[in-house]
Amino acid sequence: MIRRIHHVGIVVGRLTDAYAFYRETLGLSLVKQAELPDQGVRAALLRAGDSEIELLEPTRADTGVGRFLDKRGEGLHHVCFETPEVGAEIADLQARGVPVIDAKPRPGLAGEIAFLHPKACDGVLVELATPPREPGGPVSTSPLRLKRLVIGARDPGATTAKFQSLFGFSELMINGGLRSMLAVGRGALLIVPDEEVGGTEGLVALSMVVDDFPGLRRAFERNGVKALLGTGEVTVEPESSHGVHLHISRFE
Ligand code: CO
């Protein structure tokens, strides 16, 4: 059972450089930061509403994240779904013939984690995580919330059916069969034909909602962020957002 999008993983060249945009300009708060030598990464989780943003800086070239940075540059790397029992979830998926990278959960920044093989979800690298049990209490508020992830697919109908069958997501809207939207907790996955997004299969863009839109615009001006500004939304140039196609709007 999937509860929510736990986080979206973004590969960056240097964590401290990425902080200038994600923490200082956007104002996202740091949840935790750690170096994971066995995975060859320095990683940070930032609060983004119900979900988090995970920034990953490779500390070695011979890892998945190191090769990704070398080959594709900075940008969206994976999506992580939260499940209460990652061990049972990954065993069930394997029993159904789904290819995985981790047959057993291992410790990661988000808790006990396991990665599916990118082939399992049509080019989207999926991580499953069971976060450590923490004392209940109010979750800290954040100035921006993750709204949806855009996924490019050769056959959007087939990719939608795959995500529904693997994870039980429900469909929010159907638009002539060309696009579909799947609910994941309070977030969503928007699956679009790959020709709409420059032929890219897999994760292509991230949408967020901001409470203080004028404040965000001022922060962008102050910090020289390159972006296309509209009256109610802004599209950040990937060179300013570390390779991420990022849309931020003032409305849900
Ligand atoms: Co992750």
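Numbers here are sequence positions counted from 1. Ligands are counted one by one from 1 in listed order, and the atoms in each one are counted from 1 as well. Every value quoted in this text rests on a predicted model; they were computed, and no experiment measured them.
- Residues F220 and L26 have side chains in contact (heavy-atom distance under 4.5 Å, counting atoms from C-beta outward).
- With a 4.5 Å cut-off on side-chain heavy atoms, D17 and H242 count as touching.
- The NE2 atom of H78, the Co ion (ligand 1) and the NE2 atom of H7 define an angle of 100° (nearest 10 degrees).
- A 4.5 Å side-chain heavy-atom check between V98 and I90 finds every atom pair outside the cut-off.
- The N, O or S atom of E54 with the smallest distance to the Co ion (ligand 1) is OE1.
- Per residue E127, closest N, O or S atom to the Co ion (ligand 1): atom name OE1.
- Under the 4.5 Å side-chain criterion, counting only non-hydrogen atoms from C-beta, H245 is not in contact with V204.
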